[in-house]
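Chain letters run A, B, ... following the sequence lines, proteins first, then strands; residues in each count from 1.
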Number of protein chains: 2
Amino acid sequence: MIVQRQSGVALWRQIADRIRTAIANGDYDATGKVPPEISLAAEFGVNRHTVRSALAALAQEGIVRAVQGRGTLIERKERLNFPISRRTRFSEGIGDQAKEKEGLLLAASEEPATPDLASRLQLAVGAAVIRLETLRKADRRPVSRATAWFPADRFSGIAEAYRESGSITAAFAAIGLTDYLRVSTEVTAVHADSGDLADLELSPGAIMLVTRALNADPDGVPVQYAISRFPADMVQFTIEN
Amino acid sequence: MIVQRQSGVALWRQIADRIRTAIANGDYDATGKVPPEISLAAEFGVNRHTVRSALAALAQEGIVRAVQGRGTLIERKERLNFPISRRTRFSEGIGDQAKEKEGLLLAASEEPATPDLASRLQLAVGAAVIRLETLRKADRRPVSRATAWFPADRFSGIAEAYRESGSITAAFAAIGLTDYLRVSTEVTAVHADSGDLADLELSPGAIMLVTRALNADPDGVPVQYAISRFPADMVQFTIEN
DNA sequence: TATGGTTGTCTATATAAATAGACATTTAGG
DNA sequence: CCTAAATGTCTATTTATATAGACAACCATA
């Protein structure tokens, strides 16, 4: 496939996205480097300078590193896989795909439930809910940005518990909820917004996978509703049935 | 949030994407039309002409229609929901979200299995597989583009069966497979390629949701591997656990 | 029917993206 | 120690994107 002109997406960005995907797919694993700029220019049907813009963007992201005389070396090629199942848990899902896992609390607040949120959590409209803004990292790279809501009466200390443990599962356990189940997960995709770019260290124009997830306790009572955003070039979801 | 400059994504495209999303979210349901160009220009911090480019793109997609003197009317705002479960079926998944459902066979061929495909279908590398390229429509609007592979020895007449019925489930039934189950589904997101643009009648720069699905018969023997592409602004997936 | 609010069209200018070509610099390998 | 194969840098030109302003055309409604 050839790149699209006058599409509103600059050629260098289209090419950067495709090379990033190719790297994630392992297409260049044999050499450990990206093909020469001239070859890429020929492949995509563009000028070498356009390819250089694309590679410069990828270098900025830390995915490749150009070395004069040698070529453009691949520095990083992970694509994390997140299984989605009835027992979905963020840290366990990553498993051994990353050594270090981290959960940062960016913000916490208490607020009244909107009609949509109240219906999902089976609360009265306007009932108090706790909102947590979190950032998750794997091997020190940010992999998701999430907003989660919990019924305030039942989970009053959850912000502190999350801040200390960096894990929803651990925070639930600290409050006495030892088990929970995933009820449903909606998946959509959008362009990254400026908050994504800042928090997840992305380059503009990146694509985000968005999940809207509902968790409930073993009795089926909703305990958490969360909207999470993941960079699409770094993650994929797997639904096992 | 304000739009991002020099990001490799033209402002008019960013604005078109955000208005499209806002329409799908029902933000303008009260009036049935998009806010005036001048308001949008102020909201996004751009010139009115830039907003006009965005609206022109949406008009091209058939999402809005501008009427001089009145405003820009919303023509279409659906977002189809596809449940993913152990018993995922395309047509049943749409359910009553669309009246007319259609499945077109674009191309069919027999080819040897690549190592990746052979491993997924549990065949020998190079074993014959049948490949179907299909286009699915709901209410005459294209909603997905899929490539599906089947073991050739077991499903020799499936291309014809699909062409006649427009349904994988019906085609399987015609060959004697009355039931099958979804084993796994991987979900990723990418930019639309030129094939997507043509087949799915999209505007360049659109985002696609991509699923890679494996189906097996009740004994667990793989019967189909499929890669499907859906326009992200028209569909969402729901995983019910 | 007059008016305010809206989209349509035109011209002009500035900035960003892409192409084109030439040549320098660095590295790996014979 | 050459040479081929890479990336790095520079200048120039063309095309696409974005801004700016003015005014025409049209619609709803007071």
Under the rule for side chain to side chain contact (heavy atoms under 4.5 Å, CB included), what residues qualify as partners of [X], not counting sequence neighbours?
X: B:Ala159; result: B:Leu105, B:Ala108, B:Leu132
X: A:Ala56; result: none
X: A:Ser144; result: A:Phe90, A:Arg136, A:Phe230
X: A:Ser167; result: A:Ser91, A:Ser165, A:Thr169, A:Ala170

>> Under 4.0 Å from a heavy atom of chain B: give me the 5'-most and 3'-most nucleotides of DNA chain C that qualify.
In response: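 The protein-touched segment is C:dG5 to C:dA17.
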>> Within this structure, what is the CG-CD1 distance for the pair A:Leu58 and A:Ile19, rounded to the nearest 0.5 Å?
In response: 6.0 Å
> Could you state the interatomic distance from CD1 (B:Ile227) to OG1 (B:Thr188), rounded to the nearest 0.5 Å?
Replying inline: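 Separation between the atoms: 9.0 Å.
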Rounding to an integer number of Å, can you tell me how far [X] [atom1] sits from [N] [atom2]?
X: A:Arg65; N: D:dT7; atom1: CZ; atom2: P; value: 13 Å
X: A:Leu11; N: D:dT15; atom1: CG; atom2: P; value: 15 Å
X: A:Arg48; N: D:dG8; atom1: CZ; atom2: P; value: 8 Å
X: A:Leu58; N: D:dT7; atom1: CG; atom2: C1'; value: 15 Å
X: B:Arg52; N: D:dA20; atom1: CZ; atom2: C1'; value: 15 Å
X: B:Gln14; N: D:dT17; atom1: CD; atom2: C1'; value: 12 Å

> Hey, does the side chain of B:Thr50 come within less than 4.0 Å of D:dT17's phosphate (OP1/OP2), counting only N and O?
Replying inline: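 No.
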>> Test of understanding: with side chain to side chain donor-acceptor pair (under 3.5 Å), list the residues that count as partners of A:Thr114, not counting sequence neighbours.
In response: none
>> How bent is the helix from C:dT1-D:dA30 to C:dG30-D:dC1, measuring the angle between the end axes built from five pairs each, rounded to 10°?
In response: 30°
Please name all residues satisfying salt bridge (Lys or Arg N to Asp or Glu O under 4.0 Å) with [X], sequence neighbours left out, ordered by chain then number.
X: A:Arg70; result: none
X: B:Arg212; result: none
X: A:Glu37; result: A:Arg48, A:Arg52

>> Return whichever of A:His49 or A:Gly71 has its heavy-atom-nearest nucleotide of DNA chain D closer to the 5' end.
In response: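 This one resolves to A:Gly71.
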> Can you list every pair that meets side chain to side chain donor-acceptor pair (under 3.5 Å) and has a residue in residues 118-133 of chain B, with sequence neighbours left out?
Replying inline: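 For residues 118-133 of chain B, and leaving out neighbouring residues, the side chain to side chain donor-acceptor pair (under 3.5 Å) pairs sorted by first residue read B:Ser109-B:Arg131, B:Glu111-B:Arg131, B:Asp116-B:Arg120, B:Arg120-B:Tyr225, B:Arg131-B:Glu133, B:Glu133-B:Thr147.
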Atom pairs under 3.5 Å, N or O on each side, protein against nucleotides 26-30 of chain D: can you list them with distances?
| unit_1 | atom_1 | unit_2 | atom_2 | d |
| --- | --- | --- | --- | --- |
| D:dC26 | O4' | B:Gln68 | OE1 | 3.3 |
| D:dA28 | OP1 | B:Arg70 | NE | 3.4 |

>> Classify B:Ser53 by what it touches in the nucleic acid, base, sugar-phosphate, or nothing, heavy-atom distance under 4.0 Å.
In response: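 Nothing: the residue B:Ser53, judged by heavy atoms under 4.0 Å, touches no strand.
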